[in-house]
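Since the structure comes first, as structure tokens, the remarks are kept for the end.
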Protein chains: 2
Amino acid sequence: MNVRHLTFRLLQVYVVVVRSGSVSEAARQLHLTQPTVSQQLKRLSEAVGEPLLHMRRGRLLPTEAGRELYRASREVLGRFDDYRDYLEALRGGERGRFSIALVNTAQYVLPRLLGPYSQAFPDVDVTLHIGNRRQMLTRFERQDDDLYVFSHPPSLVHALAGRFLRNPLVVVAPQGHPLAKREAIAMNELLGERFLLREPGSATRMMFESWLQEHGLSLGPTLQMASNEAIRVGVAAGMGLAVLSEHVLPPEHPDIAILPVTDFPIESHWQFIVRRDRRLPHAAQGFLRFASGHLGECVQPRFLANELARLLADLDQ
Amino acid sequence: MNVRHLTFRLLQVYVVVVRSGSVSEAARQLHLTQPTVSQQLKRLSEAVGEPLLHMRRGRLLPTEAGRELYRASREVLGRFDDYRDYLEALRGGERGRFSIALVNTAQYVLPRLLGPYSQAFPDVDVTLHIGNRRQMLTRFERQDDDLYVFSHPPSLVHALAGRFLRNPLVVVAPQGHPLAKREAIAMNELLGERFLLREPGSATRMMFESWLQEHGLSLGPTLQMASNEAIRVGVAAGMGLAVLSEHVLPPEHPDIAILPVTDFPIESHWQFIVRRDRRLPHAAQGFLRFASGHLGECVQPRFLANELARLLADLDQ
DNA sequence: GCGTCATATAGATAATTACCTATAGTAATC
DNA sequence: GATTACTATAGGTAATTATCTATATGACGC
């Protein structure tokens, strides 16, 4: 038997013939002419190298080899029906896998979206990669992931972006700081204080530094800490001031005060970035659809900035 | 996805590509050129309607859809490998089914052959149809069975025959019958006795009657019984004489005597008949091969008349 | 930046396939 | 034994496939 010349079409035809016990009937069901079906059977029989059917009192019955071929054909066609279902689920975004690369700060808020999404799509595997801005840029360059979350995206020549959340950066001080009661503060009043800063390569630090540069200011003493958490705790403990994403603060923060510094908060938006030179998995697209539809339910209204519908529309072109 | 355009060849190629992670390497393994393989992949991908492979750090890796297609392909190709094994067994006669139609008398001896055969080929299904000559002729006309056992076969225009066993018909009487001690008896001395006969349509009866006709004799009183067993028991009980196949008598038969009638025993041979207008199942042919090789071990030497080798040779043409 | 891989695309061709129509041959039916 | 329904065969055609060679394109290492 030479498997090489077997076609799925041939098996389909064969199955119909065996089921109906008649070449003519099969031809009718398949919208073919009878000679066509006869000929296909002949080809199939040649590929197998055995007679498959024989006439017995007016009905075509499979031979021994034919009976087993019928079984094999049913199984094989069934397997590919399953595969078609799988593809369907894949295309619908109900199934599959994708990965998201996040800048550190975004990890405080993305789970709000991913939690409900995973509930709704339990068959999708999501992989999260978290790091600072510089690390995420490297991943982006290497095309490691399907989705990226940045506040200030890199060049978008090969990518599309869609904002989804406000990311205001505020100046924080320990509760009870002398300036905390003031109505308005100018940044240069704070330059004498020690500032706790993230490492170079962090997005938050980058944004703060470019803000300072725009305003012609430069910091006094600083202290570097590699995580938002550490900084938040450090500020609460009176180690100094800091500029942090509001998302980093817990809903209640009795030991930390937000200072009303002029020209603050620094406004920025998180956005999903999608490379255009890499095929977006259906599941990732499904996630964006989900995010677009359910963002309102997942985050506080004051942070809402949902422009994902436009991103989705752009993707479809 | 359109299953209709899927070829097993396409899946074979695809599997090799996924396994080797390289189009060029797959081409080498398949003795094809690289563009050929590329094109096949393209076709396959079009049939599926999804990208199947993508480059990742110098290696071709399957996408989600591709991974599942690989699984499906392996299963499906494996299923047909199994089918090929099955065919192999079928062709070797190790597997399958066939039917034999027997005249009644032969049922005393055929199990000697079928027993060892079934031991040797446990995966072959044998169906036995037993009846008198007339019934077997009908089955033969209708082409109901794969093998037939006759002593006097019907027309052989559409069939081949091969003798395998002597079938001597002898005159039997109850032990202690007055003539049992004689050295030779003429049949006409017995015509006054009552003869127990099989029904019309029986081969034994037919042979006996044509023997009588040839010798210009006719029977006196008769009594008809539809089975050899019944006749044997009847003779032992003194109901009369009979002509029976020697095979019908058990090896030891203290209550029955074989009379040394002149021109007896009537010689005939059982033979296997194979229709030429019906494909002989491999298993049936395997049985004939087995019979040809093992007949000597299965029956008493004095009955041996094995011409099956010639039949097998004729079959191969 | 320049070879060296590998892959993709283009263009060509012989073989095969998927159908068809027309017709001949067979088997069941009455 | 004529009718009818079915299957097989022959012959034809457009489409598709399998394969090649030649060439363009792209990524990777030094």
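Chain identifiers are assigned alphabetically (A, B, ...) following the order of the sequence lines, protein sequences preceding nucleic acid strands; residue numbering begins at 1 within each chain. Everything quoted here is computed from the prediction, not taken from an experiment.
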*dT7(D) phosphate, OP1 or OP2: any side-chain N/O from Ser38(A) under 4.0 angstrom?*
no
*For Thr36(A) and for Pro35(B), find the nucleotide of DNA chain C with the closest heavy atom, then tell me which residue's nucleotide is more 5'.*
Pro35(B)
*Do Phe272(A) and Tyr148(A) pass the ring-ring contact (aromatic ring centres under 6.0 Å, His included) test, and can you show the C-alpha distance, the side-chain angles, and the key distance before you say yes or no?*
CA-CA 6 Å; Phe272(A) 284 114; Tyr148(A) 302 85; over 10 Å; no
*asked:* Whether Glu64(A) and Arg67(A) form a salt bridge (side-chain N of Lys/Arg under 4.0 Å from carboxylate O of Asp/Glu) is what I want to check.
replied: yes
*Start at the 5' end of DNA chain C and walk down; is the nucleotide closest to Ser24(B) or to Thr7(A) reached first?*
Ser24(B)
*Nearest 0.5 Å please: distance from the CD atom of Gln285(B) over to the CZ atom of Arg91(B).*
13.0 Å
*Between dT19(D) and Thr33(B), is there an OP1 or OP2 to side-chain N/O distance shorter than 4.0 Å?*
no
_Spacing of Leu30(A) atom CG relative to dC20(C) atom C1', expressed in whole Å_ = 15 Å
*Could you check how far CD of Glu46(A) sits from C1' of dA8(D), rounded to whole Å?*
13 Å
_Distance, rounded to the nearest Å, where His5(A) contributes NE2 and dA15(C) contributes C1'_ = 10 Å
*Distance, rounded to the nearest Å, where Leu32(A) contributes CG and dT7(D) contributes P*: 14 Å
*asked:* Distance check needed: dC6(D) C1' versus Gln29(A) CD, whole Å only.
replied: 16 Å
*For the pair made of CG in Leu61(A) and P in dA27(C), what is the distance, rounded to whole Å?*
15 Å
*What is the distance, rounded to the nearest whole Å, between atom CG of Leu41(B) and atom P of dT9(C)?*
11 Å
*Name the closest nucleotide to the Gln39(A) side chain, picking from dT7(D), dC20(D), dA18(C).*
dA18(C)
*How about Phe287(A) and Phe121(A): are their ring centroids closer than 6.0 Å?*
no
*Can you find a donor-acceptor pair, distance only, under 3.5 Å between Gln34(B) side chain and dA8(C) base?*
yes
*Hey, are Arg84(A) and Asp81(A) close enough for a salt bridge, meaning a charged N less than 4.0 Å from a carboxylate O?*
yes
*asked:* Under 4.0 Å from OP1 or OP2 of dC28(D): is there any side-chain N or O of Arg59(B) that close?
replied: no
_I want to check one thing: is the phosphate of dT17(D), taken as OP1 and OP2, less than 4.0 Å away from some side-chain N or O of Arg43(B)?_
yes
*asked:* By nearest atom, which of the nucleotides dT19(D), dC19(C), dT7(C) is closest to the Gln40(B) side chain?
replied: dT19(D)
*Within this structure, what is the CG-to-P distance between Leu6(B) and dT17(D), rounded to whole angstrom?*
11 Å
_Leu10(B), nearest nucleotide to its side chain (from dT9(D), dT19(D), dA18(D))_ = dA18(D)
